[in-house]
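See below for the structure under consideration.
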Amino acid sequence: MASDWVREQESAGEFADLHGMAVPALGACVLTHLHLDERDRSVTLGLQTDVLPSPLPEGWPSGANSCEFFVVFREATDVRIHGWDARAARAVRISGTPAEGISVRIGGAGTGMEFRAASAALARVRGLRVADGC
């Protein structure tokens, strides 16, 4: 079953088909990548989790113990950055639908960023082998 943040999106089928696995709850993910593209008015988030599909998809590295996926938010507006520190990467919240607008909040009080977007789409999924403790 897809997590709530995915179920709310029109492209839920894309997310739910994450190599045969349910998309993990945001609390099980760490933000590893953030890209703001002013030309396309998009924001890309890279999220990493130790929740893996079973069996591992063909082409994933032997011994993969982590999954990284990228979500592109199109037509981003109202981008506000409040500062940044390592805590921000552990607090990502996504809510809303394309019909009402998607709201994204990264971080907490006094740190992080927020924005609104018209849509969200899965851009890439890959398996990784990361060292213990990373």
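- Hydrophobic clustering, with ILVMFWY side chains joined whenever heavy atoms are under 4.5 angstrom apart, keeps Leu47 apart from Val72.
- Nearest approach of Pro61 to Gly127, heavy atoms of both residues: CD-O, 3.4 Å.
- Looking at heavy atoms from C-beta onward, Thr44 lies out of side-chain contact with Val71 at the 4.5 angstrom threshold.
- Pairs of residues two or more places apart, or lying in two chains, never qualify as salt bridge (Lys or Arg N to Asp or Glu O under 4.0 Å) while including a residue from residues 46-55.
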Quiz: residues 100-111 side-chain donor-acceptor pairs under 3.5 angstrom, not counting sequence neighbours:
residue: Ser103; atom: OG; partner: Arg116; partner atom: NH1; Å: 2.5
residue: Arg105; atom: NH1; partner: Met113; partner atom: O; Å: 3.2
residue: Arg105; atom: NH2; partner: Gly108; partner atom: O; Å: 3.0
residue: Thr111; atom: OG1; partner: Asp85; partner atom: N; Å: 3.4

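- Listed by first and then second residue, the ring pair (Phe, Tyr, Trp, His ring centres under 6.0 Å) pairs that reach into residues 99-120 are Phe73-Phe115, sequence neighbours excluded.
- Taking CZ from Phe69 and CZ from Arg124, the interatomic distance works out to 13.5 Å, rounded to the nearest 0.5 Å.
- For the side chain to side chain donor-acceptor pair (under 3.5 Å) test, residues two or more places apart in sequence or in another chain that qualify with Ser66 are Gln48.
- Glu75 is linked by a side chain to side chain donor-acceptor pair (under 3.5 Å) to nothing, counting only residues two or more places apart in sequence or in another chain.
- Considering Leu128, Leu56, Val51, Leu52 in turn, Leu52 is the only one that fulfils the side chain to side chain contact (heavy atoms under 4.5 Å, CB included) rule with Cys67.
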Residue pair Asp78, Glu114: steps toward the side-chain contact (heavy atoms from CB on, under 4.5 Å) verdict: CA-CA 8 Å; Asp78 302 324; Glu114 58 191 283; over 6 Å; no

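- Contact detail for Arg126 and Phe70: the closest heavy-atom pair is NE-CE1, 4.5 Å.
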Run the side-chain donor-acceptor check on residues 26-40: report pairs under 3.5 Å with partners two or more places apart or on a different chain.
residue: Thr32; atom: OG1; partner: Gly46; partner atom: O; Å: 3.3
residue: Thr32; atom: OG1; partner: Glu68; partner atom: OE2; Å: 3.0
residue: Asp37; atom: OD1; partner: Arg39; partner atom: N; Å: 3.0
residue: Asp37; atom: OD1; partner: Asp40; partner atom: N; Å: 3.2

